[in-house]
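Each remark here refers to the structure printed beneath this line.
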Amino acid sequence: MKCRVEKGRIEWSWRGEHVCMEACADECIRVRASFKSPVDEELNYNLEPEKDVFSRIFLEPQNQTAGQDQMVKTEQEVDRAILECGRMQAVANAFGQITFYYDGKQILKEEWIDETCDMPPYQKARDFQGAGGKSSRIRAYFHANSTEHLYGMGQENRDCLDLKGCTVDLCQKNTKCTIPFYISTLGYGFLWNNPAIGRAEFARNRFLWEAQMARQLDYVVVGGGSPCRIMEHYTALTGRCPKYPDWMFGLWQCKLRYQSQEEVLEIAREYKKRQIPLSVLVVDYFHWPFQGDWRFDERYFPEPQKMQEELEKDGIHLMVSVWPTVDTRSENYRQLQEEGCLITAEHGPDVFFMCRGAETYLDMTYPRAGELLFWELRENYISSGITSFWLDEAEPEIYPYAYENMRLAKGNGLEVSCYYPYAYNEGIESRLLEQGIWTEEADSESDGTILVRSGWIGSQRFRSVIWSGDVPSTFESFRRQLMAGLHMSMCGIVLWTTDIGGFYGGDAEDEEFRELMVRWFQFGVFCPILRMHGYRKPYELSGGMDDMSGQCNSGGGNELWSFGEDVYGIMLDYLSVREQLIPYIKEQLQVARETGTPLMRPLVYDFPEDEKVYDLGDEYMFGDQILAAPVMEYGARSRKVYLPGDGIWINGITGEKIPGNTEITAEAPLEKMPVFYRG
């Protein structure tokens with residue numbers, strides 16, 4: 001194997017494969033490879049955004065060791081090539097197999113079986129199989145270390161915190177958000193920089209990463225040793241959270257649908273009458289005539305500016321739902337179709353979703369689509385003073401999930417669709433900032449935020465909140481949401497939330513559901529965003545309406561007072577707790593801006609040397625001072641809690657001082673959730 005060695009970069013070609021290994025940030029080494037063609041430099045992270053769909057994922061290195069000669073070394077020996085980046089080292093042997101070290105300790109090794117020059121290997125570390133044109137089905141294999149534990153990869157409804165032994169589908173769906181990055185207890189992070197549909201297997205015998213259709217292999221190994229240092233390097237490369245408006249961290253009120261302007265104002269007035277502080281009131285879907293009509297239906301929302309002004313006077317921020325779906329009957333369909341702004345089908349009609357009509361989606365990987373959508377938002381919402389948007393259906397959600405049948409501006413759905421939620425979010429947020437509607441300091445009266453149902457690598461640098469999708473209203477679902485949030489945090493996501501009580505299946509008259517609402521609300525108080533949402537029984541059609549908007553179910557009440565007086569009283573008490581927590585939350589978010597450390601994270605993040613926390617997914621750290629232990633079992637009035645570390649913990653219910661490295665049984669009456677403070 002003959003190499004070309006440059007400053008911070010080593011390249012080689014062998015048996016048709018072209019490989020580039022380079023330092024790309026502090027203790028970050030990037031590997032790209034292609035077959036039968038050179039590595040495509042237009043996919044490099046430091047090109048102008050308009051040149052390629054992936055170019056905005058990585059940030060330009062700024063004051064990082066990757067640009068300092070004394071911290072990056074490259075050399076070639078007789079049978080190997082070596083790249084050093086700070087305390088990280090990558091060594092490629094004579095066959096191109098790469099092994100990674102941190103502080104001299106092996107942390108990751110590509111798996112290459114039957115290494116010989118005379119015979120084709122049984123399994124190469126990097127395998128390319130033609131998938132049409134310049135694209136391939138790509139597989140990358142790595143050695144499985146029996147002692148490591150893994151966290152991250154985004155969110156999905158799974159019951160495991162430690163991902164070792166798990167298979168993860170690489171795709172975006174409702175309730176599933178793929179962010180292909182994990183942190184290992186061996187002291188490294190791994191980023192699969194590819195938006196293709198695929199899978200990752202973390203089996204006992206090997207690790208496998210697969211992209212079903214991609215132009216080249218691209219991954220980054222991030223050093224650091226501890227989770228907090230790994231996260232610092234990872235977010236230096238992919239971005240850190242911005243400043244947020246102060247009002248975001250109070251109570252958000254939403255239900256499946258408020259059907260009219262009158263109903264929205266009635267809810268707001270009731271909150272004011274009861275003297276309950278409310279930060280955000282959300283108008284969900286089908287406040288429009290047809291999907292693709294990004295405006296209020298004037299029959300039910302005749303004076304949106306007047307509605308917004310009344311809410312604003314009472315300190316309530318109005319957020320509206322935006323779907324990227326476009327019905328053929330929409331007033332905007334013809335223009336969007338003619339300008340190539342819609343996702344089209346490779347085979348059959350351009351229909352990917354059925355929700356009171358046949359719809360396709362805006363192609364948010366095409367800049368013109370983002371321009372036209374923003375123009376509609378500006379004309380119909382921003383002009384009325386509304387600057388916060390709920391970007392729903394962001395995966396995009398399609399039925400069936402035949403990704404190969406989607407054609408986007410940047411490629412086939414198999415190749416690029418995991419990137420869609422990032423493009424959707426960025427397409428709106430960037431224009432809000434460019435047009436001066438939002439400010440970088442987030443201190444203007446017009447500053448808003450975005451709620452979005454999925455994300456991707458780098459989504460943490462947006463002023464947006466990701467939530468876990470339409471999950472069931474059960475205790476089992478509740479438990480899984482906590483684990484989903486912890487995995488998201490290990491991907492750098494700072495603002496994450498759930499529908500308190502779950503989205504569907506909840507009956508306000510059912511005692512078990514009432515208890516679920518209490519326990520979920522208590523948990524929500526110790527989440528980055530406290531947000532009421534759900535589709536509650538009884539499911540009833542909106543009365544007296546005979547059009548598209550009127551055919552949508554609105555469901556039962558979902559306000560704090562909707563679940564009986566006992567539940568209402570507990571929620572009021574915990575809302576008071578939340579108000580007291582807001583200064584602490586803001587303080588912790590400043591830490592996130594400076595270091596990337598998420599507000600909510602698993603115990604392994606703060607206590608990586610403690611093996612007892614490696615698979616502990618029912619308690620978590622909320623900032624660096626609070627350990628929260630939500631109750632996620634119906635009827636439970638106590639629960640076991642492990643308190644890690646060597647210091648003292650203070651029981652938030654009893655005031656008792658408890659030494660670390662201790663397991664206790666904590667009392668948990670319905671009106672209280674176990675919380676512990678560092679002594």
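- In this structure, P421 and C418 approach most closely via the heavy-atom pair CD-O, 3.5 Å.
- Taking the ring centroids of Y219 and W192, they lie at or beyond the 6.0 Å cut-off.
- Taking a cutoff of 4.0 Å between a charged side-chain nitrogen and a carboxylate oxygen, R453 and D470 qualify as a salt bridge.
- Not less than 6.0 angstrom separates the ring centroid of Y620 from the ring centroid of F526.
- Side chains of D218 and N194: no donor on one and acceptor on the other come within 3.5 Å.
- Outside the 6.0 Å centre-distance limit, the rings of F190 and F181 are not counted as a close aromatic pair.
- Of all non-hydrogen atoms in K672 and I653, the two that sit nearest each other are CB-CD1, 3.6 Å.
- Partner of Y188 under the ring pair (Phe, Tyr, Trp, His ring centres under 6.0 Å) criterion, out of F100, Y101, Y182, Y102: Y182 alone.
- Counted within 6.0 Å of CG on D646, heavy atoms from surrounding residues, nucleotides or ligands total 12 or fewer; the atom is thus considered open.
- Checked for salt-bridge contact, E395 and K173 miss the test: no charged N lies under 4.0 Å from a carboxylate O.
- A donor-acceptor contact closer than 3.5 angstrom is absent between the side chains of W252 and T497.
- To the nearest 0.5 Å, atom CD1 of residue I626 and atom CD1 of residue I650 are 11.5 Å apart.
- N651 and K657 form no side-chain donor-acceptor contact under 3.5 Å, judged by distance and modelled atom types alone.
- Here the straight-line distance linking atom OH of Y381 with atom CZ of F374 works out to 13.5 Å at 0.5 Å rounding.
- For the residue pair Y244 and D447, no side-chain donor N or O sits within less than 3.5 Å of a side-chain acceptor on the partner.
- Using a 3.5 Å distance cut-off with no hydrogens or angles, the side chains of Q435 and R378 do pair a donor with an acceptor.
- Note that the SG atom of C241 and the CG atom of L589 stand 6.0 Å from one another [nearest 0.5 Å].
- Side-chain contact of Y605 with T597: a donor-acceptor pair under 3.5 Å is present, judged by distance alone.
- The only option from M571, R578, M532 that meets the side chain to side chain contact (heavy atoms under 4.5 Å, CB included) definition with L251 turns out to be M532.
- Judged by distance alone, the side chains of Y271 and Q253 do bring a donor and an acceptor atom under 3.5 Å apart.
- Atom CD of E611 has 12 or fewer heavy atoms from other residues, nucleotides or ligands within 6.0 Å.
- Interatomic distance, Q172 CD to I179 CD1, rounded to the nearest 0.5 Å: 8.0 Å.
- In this structure, CG on L186 lies 9.5 Å from CD1 on I230, to the nearest 0.5 angstrom.
- If you check the side chains of R463 and T449, you find no donor sitting under 3.5 Å from an acceptor.
- For the pair R601 and F622, the cation-pi criterion (under 6.0 Å, within 45° of the ring axis) is not fulfilled.
- Here the two rings, on H533 and W390, have centers that are under 6.0 Å apart.
- Between the side chains of E656 and W649, not a single donor N or O lies within less than 3.5 Å of an accepting N or O.
- More than 12 heavy atoms of other residues, nucleotides or ligands sit less than 6.0 Å from atom CD of E663.
- Judged by distance alone, the side chains of E232 and T595 never bring a donor and an acceptor atom under 3.5 Å apart.
- Rounding to the nearest 0.5 angstrom, the gap separating the CD atom in E312 from the CG atom in D314 is 10.5 Å.
- Using modelled atom types, one finds no donor on one side chain facing an acceptor on the other under 3.5 Å when comparing R240 with Y234.
- More than 12 heavy atoms of other residues, nucleotides or ligands sit less than 6.0 Å from atom NZ of K586.
- Smallest separation of non-hydrogen atoms from S184 and E148: OG-OE1, 2.6 Å.
- Using a cutoff of 4.0 Å between basic side-chain nitrogens and carboxylate oxygens, D284 and K255 are not scored as salt-bridged.
- Under the 3.5 Å distance criterion, the side-chain polar atoms of H233 are left unmatched by any main-chain donor or acceptor of G224.
- Using modelled atom types and a 3.5 Å distance limit, the side chains of T238 and Q460 yield a donor-acceptor pair.
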